[in-house]
Every structure is written in structure tokens, then in C-alpha cells.
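Structure record follows, encoded as C-alpha cells.
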Amino acid sequence: MAQTAAIGDRDAYFLERLDRGDRIEAEDWMPEDYRQQLVRLIAMHAVSEIMGALPEKEWVPRAPTLYRKLAITAKVQDEVGHGQLLIRVAEDLMRPWGKGREDIMADLFSGRLKYHNVFHMATPTWADAGIIGWLVDGAAVITQGMSLSCSYAPYARALGRIVEEEGFHIQHGESICMALAEGTPTQRTMLQDALTRWWPALLMFFGPPEKSQLSTHQLRNMRYRIRSKTNEELRQRFFTKYVRRIWSLGLTIPDATLAQDGVTKVWTYQQPDWDEFRQIVMNHGPRSRARLDLRATTYQEGTWVRRMIAHHSPA
Amino acid sequence: MARTERRSIQEIKDVPDLRVATQAVLFQLADDDMVIGFRDQEWLGLAPHIEEDVAFGSIAQEEIGHAAHYYELLSQLDLGSRDDLASLRPAEERRNSVLLERPNGLGTYLESPHFDWAFTIMRHYFHDVWEMRCLGALTQSAAIELGLAADKILAEKRYHRAHQELWIKTMLDRGDEQSQERVKKALADTNEWAADLPDFGGQECLFEETRIVPGASTLSTSFWQEIDAFTGALGLPRPSGTVTRLNGRRGQHTPALQEALEVWSEVYRLEPGAQW
Amino acid sequence: MEDLSFDVYEVFAQSDSLSPHVHVFNVLASSVDMALALAEENFFRREGFINLWVVRRDHIHQLGFADRDGFKKMAKNYRVTEDYKYLVDKWRQYREHPMTANGAKVRGGGEDGTTVDSGD
């Protein structure tokens, strides 16, 4: 009896520390449920960065000018770097379970661990690379900006570094899109087509809107101060930040119903197909398998390299 | 011309011998760095270890950054914009070594990339040693801008070479028999195609006379000495002799270069004259 | 002279949970606990901290003298935001004078016929 009470006290003390605004470090005691929620979130974020390098990577060697080649190489390199930061954070959390990076990657390849919907989409033109930099990274900064206040300090610090670099990413994307918007008819068409292609995926990025009640995961994450905003709040911010800019370039957003209420400032919009969203994140998106194959092939063939530099390498 | 006299690119433009020599060495350096940078970029996001992916991504960028710098100097010789020089010249006008255009392995960066890490590192090491030999000579070049470029670029090249040396040593020291075999094969594969790497396409005399590349005719020997000293110390004997095949310094190339150039310039060629 | 042997511990302090630990200085101590206790009183008599690390110096490795010389990188303008500052003016320009669907730039509220470039 006494022991149960003690554990209960520990949980209560933990939550009280969170409510005071204190943050948790990797080696601190934490409720198993808190650890699980974090791993769920951060491992998914990590593999999304790792897989998220690939859509733009397709355009790295093909970028039009030397300047763009350099900038997009730097940008994709940063994405891999974000994957490195996040997978390190996730690994440390999984250590008490005897698990680590190889488990995360294996779960990614087996389909047990999902990656973000946007990175399953095709990038058939150079303009897609621009739209990703401008709007996908723009959307990411909105969600990551919220998580800067996360109660788990190593994640918050990693996000601090990431958000700082995203500043360059967004400008890099804006710069590509601006040049296309100001360019020849072919270039503008390329940009408009890419926007039309990406719009539903951008709306899906924030996840389904909450109806009247939040999911249990969301409620727990809010209680643990892991997240502080709902999907819909974040999506609304995205509209406010980007819709007028998109229009100012004379581009058409493929949603005739999109409008902001003059009084409430709330945007109404056409819901994307949320069944399609579920299919995409289950690795049934247009490029899901191809990208997983690309990463899995090279990762698995590189096992000898990691085995060699690992501590327990064969003599 | 006095042996110590140094001139700017603007002056060199109007002196035929100097111009030819400057142009020739710059095309070699630029094309070498462009194509190795392209091969490095193919690894981005796909390297065997995540931390190494980021590290190698810097090398890719720096190679292309160096190429951009060399193309920029060429554009100052009124040969066209640096992007036109990088993207529009056909394969037969390219002066890169054939070794550097060799693919990283089977497949492409878009599909079934069965890339060879040991070969990637070994080939890069050869390239780093050669470029450093050239840049070392260029620090004394009669062309002022070449000397300045050499000083700047050498600082980054030192890191590249150290990176490859560390990997080669690691593969030998920490690897099992299989990875040691991979390194030996990588050395053999690199060596087989390396004949035109330490080569100036027959222009050594011009390079020396004009002092655009002082000591040009000795660089090949000192290159092989450095390679053999390093591999020898690791107990990794280099197969004797290279196989003389095509000479990229004379515009002879494999189909791999053409394929790379098509990818490299795909977007740039879409709309000639457009701003990107 | 008596040979008294200590370890050198390097001290790192964190000022808030979102900041990195920053190197402060070092102390002579014989254990981790001693190093932590001494570091507090030696370096934080005035400013506060929320966390401290002490690391035995022989567990720290650094670049060699020559390597530090070789670490001078060329400027990478293309990856810093400074290079993209021109976008601020562009966005302002298009906020005030949006492009039309065919990409033409409209003078202050003008109709499609009045499209001209930004030559003025």
C-alpha cells in the first residue's frame, strides 16, 4: 500500500513540476506513459526528417544554377541534420527499453513507424522543390514553433536549433518560388501546377480537425505539456500566414470556398480527403514505397560501415 | 616576362599564352570539382551513417562551391556566364578526369542505388591529393586570382583529405576481413581509372613556361609519391601501373559523364535565358 | 614537496533549460561530487544557473593545433538568411501590387490592362 502511494506521489510531483514550467531531462525519472508519448512523437518526427530529405533530394543534382545547387544541397543536408538531432533525442528516451537507432530505422522500413504525409508525395518538377521549401517548411515551423515550449528539454532544445535553420529553408523556398512567379509562362505554369498538387497535402499536414473533443493522445500530450495547440489551431495559423502571400503572386489556390471571416478571423476551407490521408500515411501514397526502398536499400547495404565504426565491431 | 611578375585575369585576357594556360588549368579544376561534387551529392540522404551523411554533405557542397569559384574566374575571361559554363558545355569539351565521372556504383540516386562507400572514399582521396598538389603549385601562380583561390580552397581541401584518410584507415583497422577486401578492391578500381587524373593533357610545358602552374611537370610524380606513401604505410599495396584508357584532359569520356550532364543541366536547359 | 594528486574537472553551466551548457572554467577535485560542490561556490556566487555539468578533463578531446588551422571554411552565403533579404521588399511590393494570374504586375489597384513591370 505504502509503495503504491509513493508511486502516486511521484507522478503527482512530476506533474506539479511540469505545471510550474520545469522541464525534464533525459536522465530524470518520468512516468512510463510520458516516455511512450514522447517516443511516439519524436521517433515519428525523426524519421519524417530522414525521409523528408528525399523528395527534395530528387532535385539536388538537377537544380538549375550553381547557386541553387549549393543552396538546395545545404537545405537537404540540414534536413538530414535535423533527423540526426531528433533520432538522438528519441534514442536516449528508448535506452531504458534496450532499444536504439537501428530499431527506429527497422520500424520505419517495416512500416510500423509512420512518416509524415507530405513526404509520400511525388515531386515531378523543380517547382515542387520550391513549394516544399516555402510551404511545407512553413507549415513545419508552425507546428515546431508550438513544440518549442515542450516540457521535455532535449526535444525543445533540438527544435530550437531546427527552427533557427528553417528560417533559411523557407527563404530558400520563397526565393525559388519568387523566381518562378516572376519568370516565363512555362515557369509560372510549373509553379501553379506544383501549388495545385501540394495544396491538399499541406492541409493534411496538420492532421484531421478536432470535432467537439480531442483524442486521448492529444489530451495526454496537452496534460504533459508536450503540445499546446490543436491541429485546427495550427492549420488556421498557416492560412493566416500564407494564403494572402500565395494570392499576391497571382497564384490560384485550388479551393474556391477558401475565405476568412471578417469578424472571427476564422478561415473556412474545403476539407481534404481524410481517408486518402490515412491511406498515404499507411505507406500507400504515390511515392511511399519507392522512397522507403531507396532509403532501405542504402541503409541496409551500409550496415557493414556502421558495424565497423560501432563499438562492438568484430575484431 | 620577368619570372616573378604576376598579373590579374583582366591583364591575362589579352596575352594569348597566359590566357590559354589559365583557361586550360581552370577548366580542369572546375570540371573535376563539378563532377565529383555531383557524385558526392548523389549520396545526400543515403549515406550509411546519419552523422556521416551530414559530414559528407559538406564535402559535396564545398566541391561544387569550388567549381563555382573556378567557373566564375573563367567567366572573367569572357567565356560566358558561370552557369552556362557549368551546364551547357557538351561532354567532349569537358576536361575532368575520367576517374571522377565513374558512377558511385550500380543504380542511380533515384532508383536502386547500390553505391560503393569504399570506392567513393578512395576515389575522393585520390582527387583530394591531386587537387591539393595543383593548388599548392597555384599558390605561386603568375595569375593573381589563381593564387588567391588556391589559398582559400586549400584550407577546405585539407579537411576533405583528412576525412578520406580517416575513413580509409578506419576501414582497414576496425573492419573485418570483408571490409578490408572492400578497401583493396576500391584501391584497385580507383587505380585502374586514375591514369588521366594527375595529367595536364600535354600542356605541362606551357603551364611551366607561363608560370601559371609552376612546376607543373613534377606534380604527377609527387602525386603518386604521396599516394604510395599513404597506402604503403597502411600495408595496402597499389596494383602496379594504371590502365591507360580514355584521357578526360583531352575531352575523351565515358557515357557516364553524358548521363551525369543530362541530369545536372535538366532544369537549366528547360528555358534558355530564364532566371531561376 | 608532497605530491598531491587531483583531477581537473571542467565545469559547464546552463542558465535556462532551453540553452546549451556553456563552459565556465575548471576546478581541482578528487571526485565528481566534490567537483560539483566546489564548482557551485567557485563560479556562481553571483549569477544563477539551473544545471551544472562537470567533466574530467582527460575525458575531453579537442582538435589538434594544425587541425584548427585547417578548419577555416569559405563563406557559404547561399545558406544564410542575409542572402535572401531582398525577399522582404519583394513581398511588400506584391502585397501592395499583386501579380495577376498571368504573372503580370499590376500598378496600384489597376485592372489587367495596366500591367507593367517594376521599371519605375
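We name chains A, B, ... by the order of the sequence lines, and we start the count at 1 in each one.
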I want to check something: taking the side chain as every heavy atom from C-beta on, are A:Trp247 and C:Pro98 in contact at a cut-off of under 4.5 Å?
no
Side chain proximity check, A:Thr73 to C:Arg79, heavy atoms < 4.5 angstrom:
no
Just verifying a value: how many Å separate C:His97 NE2 and A:Ser248 OG, rounded to the nearest 0.5 Å?
12.0 Å
Heavy atom to heavy atom, less than 4.5 Å: which residues from residues 152-160 of chain A reach chain C?
A:Ala153, A:Ala156, A:Arg157
Going by residue number, which parts of residues 175-194 of chain A are within reach of chain C, meaning a heavy-atom gap below 4.5 Å?
A:Ser175, A:Met178, A:Ala181, A:Glu182, A:Arg188
Could you check whether C:Asp83 and A:Tyr67, counting side-chain N and O atoms only, form a donor-acceptor pair closer than 3.5 Å?
yes
Using a cut-off of 6.0 Å, state whether more than 12 heavy atoms not belonging to [X] lie near its atom [atom1].
| X | atom1 | answer |
| --- | --- | --- |
| A:Arg237 | CZ | no |
| A:Glu16 | CD | yes |
| C:Phe44 | CZ | yes |
| A:Trp267 | CH2 | yes |
| C:Met34 | CE | no |

Turns out that what part of A:Gln77 lies under 4.5 Å from chain C's heavy atoms comes down to side chain
What class does the angle between the rings of C:Tyr84 and A:Phe168 fall in, given that below 30° is parallel, 30 to 60° is tilted and above 60° is perpendicular?
tilted
Here the pair of heavy atoms bringing C:Tyr78 nearest to A:Leu70 is CE1-O, 3.3 Å
Shortest non-hydrogen contact from C:Leu87 to A:Gln171?
CD1-O, 3.5 Å
Counting only non-hydrogen atoms closer than 4.5 Å, can you tell me which residues of residues 5-19 of chain C sit against chain A?
C:Gln14, C:Ser17, C:Leu18, C:Ser19
Between A:Arg245, A:Glu165, A:Arg23, A:His172, which has the largest tally of heavy atom pairs under 4.5 Å with chain C?
A:Arg245
According to the salt bridge (charged side-chain N to carboxylate O under 4.0 Å, His left out) rule, which pairs have a member within residues 42-54 of chain C, sequence neighbours left out?
none
